[in-house]
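In what follows, a single structure is set out as structure tokens and then discussed.
In this text, all values refer to a predicted model and were calculated from it rather than measured experimentally. In what follows, chains carry the letters A, B, and so on, assigned in the order in which the sequence lines appear, proteins first and then strands, with residues in each chain numbered from 1.
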Amino acid sequence: MAPRKHVVTEFMAKNPDVTMEVRALPSNIQWDRVARTTLLAGEQVDLVNINGQFIRAWVRDGLLNDLSEDAQLKPAFGSVDPSFLAAQSDDPTHPFALPLTHASPVHVTAFFYNKALLDRAGLQPPKTLDDMQAMVQPLKSVGAVPLVHPSGDVGWNPLLVCWIQPMLVNNQPMEFTQRTMKGEVHYNGPEWIKTFETIANLTRDGVLGAGSGALSVDAAYQLFNQGKAAMLYTGSWSLPALSAGTPAAGGMDLHVTGLPLVENAQKAQPMIAFNSYAIAAASKNKEAAIRWLTYTADPVVDAQLVEKLQAFSSMPASNSGIKDPISREVAPWFKDGIVPLDWLWEPEVTTEIQNQVQALVKGDTPPAAAADAVQARADALRREGRSYYK
Amino acid sequence: MVFAATKPRRVHLENARNLLWVLPVFALLAGVLVYPLASGLLLSLQRTTGSAQGEFVGLENYVEAVYGDGTFHQAVGNTVAFTVVAIVLQTGVGLLLAVLISEVRRGRLPYRMIFFAPVVLSAAAVGSVWQWMYAPYFGLFTNALAALGLTEVSSSLLASQSTALWAIMGAFVWRWAGFNTVIYLAGMQSIPKEYYEAAMIEGAGGLRRFRHITWPLLLPYTYTVVLLTTMGTLRIFDLMWIMTQGGPAHATETIATYIFTTAFRFLRIGYAQSLAFVLLALVALLTLLLTLTLRKRANQVVG
């Protein structure tokens, strides 16, 4: 039986008065549309397995219960690493969702590389952007490029901003993002233009494989697995796809390294991403929902699930059960993790950044023009009173 | 003495009975057409995310769409340009295929089936396959163009702002040209063979026969093809969404994709509704223009 389903079955066995029906919804933006429509239609929903990018909007729209009001959940929140609670809310003292492994493992972004390919080119994994630029010619001689990125699937484009920008703003990305959203810093200001310039230069300098502007994520995985790209910048959520890929004739020796440093930065700050369980504001079975949260937040249950899934938990104690060697290589990068910045931006700004970064990767748009387009979108939001910060 | 003519009571009863028969249809129309239109119109006058009671803002949404939303203006431009080119290509390719098929003496049916087959495929399948054909490194078209020295194998027509829209046009014409071919084939079968025989006796070649017989007599069908293409293309969403989602940088954003993004990504249901009514007005206006110009000429031919 699938590990998650086993937990549900066990819970219902221990709580015979509770029946759980789990409905799977499409992922990403489609999830938000379908989930909201389900609630609006008046369907009975008690628990919501919600990705962090949607939590702030759902809280703003009054769709979730404030879990700080339930004393029974205090031990559960006590088991979770506080940084995950901080990532999903501007006010961690009023959490609206509980990040649990059963909702989803926690993931972190990193550079996944093919050591066999790097060895053939006589290279080491890069520590800086300059190192990546130095890899271009040696890899070209073995028919590969340093990096490909699925910019054709525009949802992946904020990852490039989240890699580069924190290092350009003295590793104060949260504060910088809030100041930008409040209008104190402009999207066409020097830091943003520098971010977009650095992204555009990745293609110009041959670091990012040409064609990334149209690559889907599946095509990017294929290129990496077939040895046409030495590295892939993604999150640990991609591990199953990367591990199952068909390796090129030269072999695939998958390893993980941290995000290369940009400019004179001292540390990179990868993104951590995860889902959480929340209780719908319209729930008619709140007591049963709390019992579920308490059960899945039990350290023993969580640790068993982590061991079966071999994926990371928001509860640090559970992670000692991870034995998979590649997953263990991912572990160190959680330390300096930050919330994905697109979890904070307004959806209109996120969409505009996604589109403009795609054009930057293709080389169609000057960085300043991309920045102006995003600022124009932000200005329109502020004019219409729809910015998150008034 | 003047007698005023009145309808006999029998006629009134018959009219009332006839009305009773059509009442269910009216009720259905009211339910699936009138009520949604009216609700939509009310929604378009509100500022709402759809999960709470909206705030009435009058025509503010329409004013924003017409004067303040640059992305919407770009979407309108893309949609109109795409529609104009689609009309020309689909009419041309459809007619060309029909003429070629009509020259086949035996075994026309397989050709009709082959060219009509894409019409019955789902948009998701067509869009996914064409997206892969344009993919860098792996795509059939990308490799073909690279072999001809026209591009790099690492590039993609879908990734460039200048070519993405027309790359999707290729998939669109491939999918729908067969539909117009079938319409034109039906039209060509209605042209009396005697006209061609007489023309051939007079020494008219193929091109002159086409210009003076086939094309004029097919005008009513051309009107149908142009009308259907216009109404369908103005609303295009599926291929755009599957292949590029409106990117890169809104180069393939159409009115329909922008409505979808506005409603379900930005949760501006009221504003999205107003955009939908602007699209409705655009479709109605262009349809009226076509009806006034093309249909008149088509009727002259038939008359």
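Between chain B and the residues A/Ala376, A/Ala214, A/Ala210, A/Ser216, the most heavy-atom pairs under 4.5 angstrom are made by A/Ala210. Per-residue heavy-atom pair counts under 4.5 Å with chain B were compared for A/Gly62, A/Ala219, A/Gly213, and the maximum is reached by A/Ala219. When each of B/Ala249, B/Ser162, B/Gly70 is scored by its heavy-atom pairs under 4.5 Å with chain A, the top score falls to B/Ala249.
Contacts of B/Tyr137 with chain A are made by side-chain atoms alone, with heavy-atom separations under 4.5 Å and no backbone atom involved. Looking at B/Tyr271, neither its backbone nor its side chain comes within 4.5 Å of chain A, counting heavy atoms on both sides. Only the side chain of A/Thr350 comes within contact range of chain B, judged by heavy atoms closer than 4.5 Å. The part of A/Asp32 that comes within reach of chain B is its side chain, from C-beta onward, which places non-hydrogen atoms under 4.5 angstrom from that chain. Using a 4.5 Å cut-off between heavy atoms, B/Glu253 does not touch chain A at all. Of the atoms belonging to A/Ala380, not a single heavy atom falls under 4.5 Å from chain B.
Of all the heavy atoms in A/Lys362 and B/Ser156, the pair that sits closest is CE-O, 4.5 Å. Closest approach of A/Gly211 to B/Pro136, counting heavy atoms only: O-CG, 3.3 Å. Annotation for B/Gln161 and A/Thr365: closest pair NE2-OG1, 2.9 Å, computed over non-hydrogen atoms.
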Please step through side chain to side chain contact (heavy atoms under 4.5 Å, CB included) for the pair B/Gln245 and A/Gln354, ending with a clear verdict.
CA-CA 11 Å; B/Gln245 292 197 14; A/Gln354 287 171 347; over 6 Å; no

Verdict with reasoning, A/Leu223 to B/Phe138, per side chain to side chain contact (heavy atoms under 4.5 Å, CB included):
CA-CA 9 Å; A/Leu223 285 173; B/Phe138 304 113; 3.6 Å; yes

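Around CZ of B/Arg235, the count of heavy atoms belonging to other residues, nucleotides or ligands within 6.0 Å does not exceed 12. Atom CD of B/Glu152 sits in a sparse spot, with 12 or fewer heavy atoms from other residues, nucleotides or ligands closer than 6.0 Å. No more than 12 heavy atoms of other residues, nucleotides or ligands lie within 6.0 Å of CZ in B/Phe26, so this atom counts as exposed by the packing criterion.
Side-chain contact between B/Arg47 and A/Glu384: absent, with no pair of heavy atoms (C-beta onward) separated by less than 4.5 Å.
Distance CH2/B/Trp132 to CG/A/Asp218: 6.5 Å, rounded to 0.5 Å. Taken from CD in A/Gln358 to NE2 in B/His250, the straight-line distance is 10.5 Å, to the nearest 0.5 Å. For the atom pair A/Glu346 CD and B/Phe266 CZ, the distance stands at 11.0 Å (nearest 0.5 Å).
Paired with B/Thr71 under the rule side chain to side chain donor-acceptor pair (under 3.5 Å), one option of A/Glu348, A/Glu352, A/Arg377 passes, and it is A/Arg377.
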